[in-house]
Student: 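Okay, here's the structure, questions in a sec.
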Amino acid sequence: MERYDPAAIEPRWREWWEERHLHHTDLSDTARKCYALVMFSYPSGDRLHIGHWYSYVPADAWARMRRMQGWNVFEPVGFDAFGFPAENYAIKHNAHPADFTEKNMEYMRYQLRLMGAMYDWEREVVTCHPDYYKWTQWLFLELFKAGLAYRKNAPVNWCPKDESVLANEQVTPEGRCERCGTPVTKRDLTQWFFKITAYADRLLEGLDRIDWPEKTKALQRNWIGRSEGAEIRFEVEGHPGKEIEVFTTRPDTLFGATYLVLAPEHPLVDEITGAVHQYEVDEYRDRARRMTEIERTSTVKEKTGEFTGAHALHPLTGERVPIWIADYVLLSYGTGAIMGVPAHDQRDLDFANAFGLPVRRVIAQPGDPPDAEDGAVTLQVAEDEDGVLVNSGRFSGMPAAVARQEITHELERLGKGRAAVKTKMRDWLISRQRYWGAPIPIIHCPRCGEVPVPLEDLPVRLPYDVDFSLGEGGLSPLGRSESFRHVRCPRCGGHAERDLDTMDTFVDSSWYFLRYLSAHDDGRAFDPAVVNAWCPVDMYVGGVDHATMHLLYARFFIKALFDLGHVGFDEPFRSLRHQGQITRGGAKMSKRWGNVVAPEEYIPRHGTDALRLYLLFGFTFEQGGDWEDTGLHGAFRFLQRVWRMALQSATPPPTATPDGNRGEARRALERARHYAIAHATQDFERFQFNTAVSRIMELVNAAYQFAGGWSAAAGAAGGTADPADVRLFRSVVEDVIRLLAPATPHLAEELWHRLGNEGSILDAGWPVHDPALLAEDEVTVVIQVDGKLRDEMRVTRDLGEGEVRQRAVSHGRIPGLLGNRDVAQVVVVPNRLVNIVTRARG
RNA sequence: GCCGCGGUGGCGGAACUGGUAUACGCACGUGACUCAAAAUCACGCGCCCGCGAGGGCUUGAGGGUUCGAAUCCCUCCCGCGGCACCA
């Protein structure tokens, strides 16, 4: 029999598909549309490895199943070609990013084709091409005109060794530069921001409407970090009209505030600091400024601080409270000032204990002994749970939750505060002082200010011939190009300068899934009619590492475009799935460790299909795991088995005598077939590819067993076979091939044609199971209660003992056979009898 | 510290809504075929005791609910990921 030789058949089918434009989607047919999207790759110099395949292959398998089910599937692909990785690679290798990006994409296209995915290459999108970034720039201007893009001076991450600003995402969780490991400091620069904070509430609310992993939603909620509370104003003693505004989530503890703390950089510090304290305060502020992020935010650090000499007046009691500065208060959150409530906040307690400030309990638990008259207590552990107010004037006795409202109302009445909501999330800083990105389409005119580049002048092209090396202290490389820099103001015609920064690469990737749908439209970013018909994306597959970056930004972008009337939906991705990570030798794959699994190495011998099958079968999709060559061999062996089985069914022995003993065998195979179809389908839909494949393997095993019996029977009958056996075997083989088609498209296509079928297997339809057949094989089970025959029920023959037991008990309850007695014990004789032993209730 | 996810054979991993724990595969063992090997096919394979029939134990640990728990509840331990002085 001819051997299974993937190298001989796979390239042929890929050509066949391409010649027929089989994967080119007709976007005008939207009746059963299905938009299947994967996160596109960076052509940053590294080739695609098995980790990339691990997200692309399952996404493609899912899309293929959908296509076979009759959906009009759109599965595009492209490249996220701008960004730091490519630029850094270019600097290191003394190459131009525009040149080697093209070369890398060329190789990656070859790799992606090798995978045999259903990509619609005719709609490829490359973010660094002017016909793409022209529209990125247009979208920037739309946000600018809507007031959602603005410029302000802000502290940004700065790496002293690289003399360069860094994106937030290029700072490690330890606060170090991702590339050189140097601790990152802050630097003030004027930057462009997108007003993502204006969408905080809607970004939270939208999470309830989308089919995303709970983990990812939790990450976004956590990142947005919404807290409700109150802003409270304290008058500064001796400075009439000067007030310090603090933010707290616990206005109910207001009577326990025994001091205030300002962030060291707080603008009021200079104005209120007393002369006697000026030297120490300045000293402290200098120290705080010089500290790195790591030191500053270390939670193990002892509390430090400095008294300003000033006092504030408690808004409700008029009591004098000292004003301190301390670096545990951050200027960037809330109002940059807090009220210290040491009894009910651990950080405040640590601070109070370090500096001998009073601790006053204002929340008590029922049963607590009464405190001293003014609530003074000595604590090591703050009491931060809710309780009942004490030592709080007329609010004493109120539950904390009620007091939060009441005290806030009282402050509002007095004009001393109001309810407020704060988020941890900051506005999205999109300027980059780097070369390899989309230029920001703004012209700075000495007379007219920030002037948008007119649409007819877009794109603002990135000049090729620019020195983009680092080393000038964070000055934008585009500033070195005189011809780029100098420009006439579109408004007044006078001399003006272009904005010299480029956009964060995450701006490019916030809308690429819209451009796929209008990839060649020169007149607009996208066609709203097409986009509204095809979006939101039905299934989005990619790494969880983008949870609080790309996935948040894209959601913001779509909400903004919705508000501006450009799109008719406000969530971009209806369903989202994350792949796990494939490791090798227990370690993350990296060139440095030399443990990268390159698909090209395995394909000549085992084929793309075996590789695809192994990735689907060998791991739990969201979990990933360690690569093992033996697993790939196993997948390959299974495909050989399928191959032999299919060829055998294509050349059956002569049929003659019907064999009366084969009925039960056929029934069993028929049940196995419908069981496999039902479960494989459901598992594919749920991204449970490993179990989907195992169901198919079971069916193959059952078919083999069946064929074994048939061969023996044929032998006994003198070399002929029962025609019903031959027909059934053949049709089961066809179902196996169809079920395997999402996983192993080339093999499926080959076998499909060898069995004499025309056209692509993609159009062959997806097998459908017959629930009646699975349920038909029923037996009667007798139900006894305390040994007396009471009823009967019908169950399927293959039901397990436990299931029979459960059904008997619920069956007994529903007609009230058990009266008001409890079940004490259930004895089951499988498929025959169930005896329920009861006992008096209670 | 907080949030999320996880802990099941030698290994990857199954188990729907609480109902035969260990599906499917890998590795391993035995046998068939072969001069031999590979490949293939058949059978076995959680752990412990037992020649055997058989018995006992088992889903990180300990408790609880239930006729019945890998699954639900409580208290811990360990691993991974995220956030982290966010008031």
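Within every chain, numbering begins at 1; the chains are lettered A, B, ... in the order of the sequence lines, protein sequences first and strands thereafter.
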Student: Say we look at B/U17 and B/G6: how far apart would their P atoms be, to the nearest angstrom?
Tutor: 13 Å
Student: Taking any heavy-atom pair under 4.0 Å as a contact, classify A/Gly618: base, sugar-phosphate, or nothing.
Tutor: sugar-phosphate
Student: Identify whether any heavy atom of A/Asp626 sits under 4.0 Å from a base atom; if not, whether one sits that close to sugar-phosphate; answer base, sugar-phosphate or nothing.
Tutor: nothing
Student: Is there a side-chain polar atom (N or O) of A/Asn690 under 4.0 Å from OP1 or OP2 of B/A14?
Tutor: yes
Student: When you compare B/G60 with B/C45, how far apart are their C1' atoms, in angstrom units rounded to a whole number?
Tutor: 25 Å
Student: How should the glycosidic conformation of B/G9 be described, syn or anti, under the criterion that syn lies within 90° of 0?
Tutor: syn
Student: What's the gap between B/A37 and B/G52 when it is taken at their C1' atoms, as a whole Å value?
Tutor: 38 Å
Student: Could you pick out which residue, A/Ala635 or A/Thr620, lies toward the 5' side of RNA chain B when each is mapped onto its nearest nucleotide?
Tutor: A/Thr620
Student: Which whole number of Å gives the distance between the C1' atom of B/C16 and that of B/A70?
Tutor: 14 Å
Student: For A/Trp627 and A/Tyr614, I'd like to know if the aromatic rings sit close, meaning centre-to-centre distance below 6.0 Å.
Tutor: yes
Student: Contact class for A/Gly580 (heavy atom, under 4.0 Å): base, sugar-phosphate, or nothing?
Tutor: nothing
Student: Looking for any heavy atom pair under 4.0 Å, which part of the strands does A/Lys215 touch: base, sugar-phosphate only, or nothing?
Tutor: sugar-phosphate
Student: Just to be sure I understand the geometry, which residues of residues 693-700 of chain A put a non-hydrogen atom under 4.0 Å away from RNA chain B?
Tutor: A/Ser694, A/Arg695, A/Met697, A/Glu698
Student: Is there a Watson-Crick or G-U wobble partner for B/U71 with both distances under 3.5 Å, and if so, which one is it?
Tutor: none
Student: Go through the N and O atoms of the side chain of A/Lys303 and the base of B/C85, and report whether any donor-acceptor pair is under 3.5 Å.
Tutor: yes
Student: Side-chain N or O of A/Ser227 versus OP1/OP2 of B/A87: is the shortest distance under 4.0 Å?
Tutor: yes
Student: Is there a Watson-Crick or G-U wobble partner for B/G52 with both distances under 3.5 Å, and which nucleotide is it?
Tutor: none
Student: Give A/Glu628 one of three labels, base, sugar-phosphate or nothing, depending on what nucleic acid heavy atoms sit under 4.0 Å from its own.
Tutor: sugar-phosphate
